[in-house]
Amino acid sequence: MRVTISTLNSSRFIFFLFSVLIQVIDLSTSQQPNLPVLHYCLDKGNFTSNSSYESNLYRLLDSLSSNPDISSYGFSSSSHGQDANTVNAIAMCRGDKNASACRTCINQSSQVLPQLCPNRKEAILWYDDCMLRYSNRTLSGKMEIDPLGGFVNVENVSESEETQFRQAISTLLDDLESRAASGDSHRKFATGNVTLSSVTRTHLYVLVHCTPDLASNLCLDCLIMAYDAYNAGLKQGERVFAPSCQLRYELYPFFDDQKSDEAKLLQPPIAPQATVIGPSFSTSGTAGESILAAKTAIFGVLLSLLLLFKNFKKRP
């Protein structure tokens, strides 16, 4: 007995397939976790499932958000395990975030990073509010610039403000980098803004941040190298992420020192263009690329089903 699909004409079946496609894409998007801004899965070795290293990693990550240093200072450098199974981690919240937001971000990072980088001994991620990295090697007190990545606003500074912008970014960065580097072992963070034009009331807002375990000179070196390596020119906004430091500038207020709800509501959306600065090892891309790949695969499967159906209908 032959089975046919004569009850469905081609147009109805095509409509059915695309309806399923839309629903699956919506479902795949809605089920995605709150993904980090940027992450790297470093090719520094793997651990096996159910190993002592894995157990130590998860015990360390589970303890981070409740670490007193996280609540008090927004920074923790800790480890768990012994010898070859020792796991080291650095967790740091942005200096303008309160204790509650910090704990929430670190807790989320601790759950997400092992999922993004399964069985990797070394990995790092950044959210807007915090950074988390872990490794089987010592991390504390070392200035590391790689992997270096970031985002650039696609819009250029207006020609009328180019000269002022060059002077402002140079002067303000010099001041903020020195202020951050002179911080103590709990906090190396600085923000500031300057008026670019009294006519258009345009301001430049800048944030710089180092892990406070760094010596002052290492913090300063990290910020200078990060900016120099990733200086995009006269762009309206830029974000640079390195393991030991990060910096950001925009033409609108983005850090929490700016308490104006009106200003936050009016801030324009940034249109970022992702760029990775020459890592010397294997890394993963951003999580958004994984979502796109999944959707492409789903579309490919449904398209194949459609072609199979058409060929089936043409068979005698």
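Counting begins at 1 with the first residue of the sequence.
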*To the nearest 0.5 Å, what is the distance between CH2 (Trp126) and OG (Ser109)?*
11.5 Å

*asked:* Checking Cys93 against Cys105 for the disulfide bond (SG atoms under 2.5 Å apart) test, could you report, in this order, the C-alpha distance in whole Å, the side-chain angles of both residues, the deciding distance, and whether it holds?
replied: CA-CA 8 Å; Cys93 293; Cys105 188; 5.7 Å; no

_Worked check of ring pair (Phe, Tyr, Trp, His ring centres under 6.0 Å) between Phe254 and Tyr249_ = CA-CA 9 Å; Phe254 61 90; Tyr249 70 80; 9.1 Å; no

*Show your working on side chain to side chain contact (heavy atoms under 4.5 Å, CB included) between Thr191 and Leu176 and close with a plain yes or no.*
CA-CA 7 Å; Thr191 61; Leu176 295 179; 5.7 Å; no

*Give the intermediate values and the outcome of side chain to side chain contact (heavy atoms under 4.5 Å, CB included) for residues Val37 and Phe241.*
CA-CA 10 Å; Val37 175; Phe241 299 93; 3.9 Å; yes

*Please step through salt bridge (charged side-chain N to carboxylate O under 4.0 Å, His left out) for the pair Asp128 and Lys97, ending with a clear verdict.*
CA-CA 10 Å; Asp128 281 331; Lys97 300 300 176 180; over 6 Å; no

*Compare every heavy atom of Pro243 with every heavy atom of Thr211, then report the nearest pair and how far apart it is.*
CG2-O, 3.8 Å

*Any side-chain heavy atom of His209 sitting closer than 4.5 Å to one from Met92?*
yes

_Can you confirm whether the side chains of Asn156 and Lys235 place a donor and an acceptor under 3.5 Å from each other?_
yes

*Do you know the tightest heavy-atom contact between Leu139 and Arg133?*
CD2-NH2, 3.5 Å

*How many angstroms lie between atom CD of Gln108 and atom OG of Ser65, to the nearest 0.5 angstrom?*
11.5 Å

*Have Ser100 and Asn98 got a donor and an acceptor in their side chains that come within less than 3.5 Å?*
no

_Quick one about Thr202 and Glu161 (side-chain donor to acceptor, distance below 3.5 Å, no hydrogens or angles considered), yes or no?_
yes

*Could you state whether Leu214 and Tyr73 fall into the same hydrophobic cluster, counting links through intermediate Ile, Leu, Val, Met, Phe, Trp or Tyr residues with side-chain heavy atoms under 4.5 angstrom apart?*
no

*Run the disulfide bond (SG atoms under 2.5 Å apart) check on Cys117 and Cys41 step by step: do they pass?*
CA-CA 5 Å; Cys117 303; Cys41 306; 2.0 Å; yes

*asked:* Within this structure, what is the CD1-CG distance for the pair Ile70 and Asn107, rounded to the nearest 0.5 Å?
replied: 11.0 Å

*Is the count of non-hydrogen atoms from other residues, nucleotides or ligands lying under 6.0 Å from Arg137 atom CZ greater than 12?*
yes

_Evaluate Lys142 against Asp213 for side chain to side chain contact (heavy atoms under 4.5 Å, CB included), listing each step before the verdict._
CA-CA 8 Å; Lys142 295 183 177 180; Asp213 59 314; over 6 Å; no

*Hey, are the side chains of Cys222 and Ile145 touching, using non-hydrogen atoms and a 4.5 Å cut-off?*
yes

*Tyr252 side chain to His203 backbone, donor-acceptor under 3.5 Å*: no

_Closer than 3.5 angstrom, by distance alone: can the side chain of Ser66 be matched with the main-chain N or O of Ser63 as a donor-acceptor pair?_
yes

_Quick check for you: to the nearest 0.5 Å, what is the distance between Gln111 atom CD and Ile106 atom CD1?_
12.0 Å

_Glu177 with Arg179: basic N within carboxylate O range, under 4.0 Å_ = no

*Would a 4.5 Å heavy-atom cut-off, applied to side chains only, mark Lys44 and Lys121 as touching?*
no

*May I ask you to say whether Glu54 pairs ionically with Arg120, meaning some side-chain N is under 4.0 Å from a carboxylate O?*
no

*How about Asn136 and Phe47: do any of their side-chain heavy atoms sit closer than 4.5 Å?*
no

*side-chain contact (heavy atoms from CB on, under 4.5 Å) with Tyr134: which of Leu60, Ile90, Leu57, Leu64?*
Leu57

*Does any N or O in the side chain of Asn56 come within less than 3.5 Å of the main-chain N or O of Asn85, such that one atom is a donor and the other an acceptor?*
yes

_Check for me, please, whether Leu220 and Leu173 land in the same ILVMFWY cluster - side-chain distances under 4.5 Å, paths through other members count._
no

*asked:* For a quick test of reading the model, state the closest non-hydrogen atom pair linking Asn88 to Ser79 and the distance between them.
replied: OD1-CB, 3.2 Å

*asked:* Can you give me the closest heavy-atom contact between Leu251 and Leu204, atom names plus distance?
replied: CD2-CD1, 4.1 Å

_Side chain Ser51, main chain Thr48, donor-acceptor under 3.5 Å_ = yes

_Any Arg166 side-chain heavy atom under 4.5 Å of Leu234 side chain_ = yes

*CG on Asp69 to NE2 on His186, rounded to 0.5 Å*: 7.5 Å

_Same apolar cluster: Leu247 and Ile224, side chain cutoff 4.5 Å_ = no

*Is there a path of hydrophobic side-chain contacts, each under 4.5 Å between heavy atoms of I, L, V, M, F, W or Y residues, that connects Leu113 with Tyr53?*
yes

_Minimum heavy-atom distance Ser77-Ser140, with the two atoms named_ = OG-CB, 3.3 Å

*State, yes or no, whether a side-chain contact exists between Glu250 and Gln236 at a heavy-atom distance under 4.5 Å.*
no

*Quick one: closest heavy-atom pair of Ala101 and Asp129, and the distance?*
CB-OD2, 4.4 Å

*asked:* Could you tell me if the side chain of Ile124 sits less than 4.5 Å from the side chain of Pro147, heavy atoms only?
replied: yes

*Do the rings of Tyr205 and Phe255 sit parallel, tilted or perpendicular, given the 30° and 60° boundaries?*
perpendicular

*Gap between atom SG of Cys130 and atom CZ of Arg103 - 0.5 Å precision*: 13.0 Å

*Is any side-chain heavy atom of Phe189 less than 4.5 Å from a side-chain heavy atom of Leu207?*
yes

_From CA spacing to verdict: disulfide bond (SG atoms under 2.5 Å apart), Cys210, Cys245_ = CA-CA 4 Å; Cys210 292; Cys245 65; 5.2 Å; no

*Answer yes if the side chains of Asn67 and Ser76 hold a donor-acceptor pair under 3.5 Å, and no otherwise.*
yes

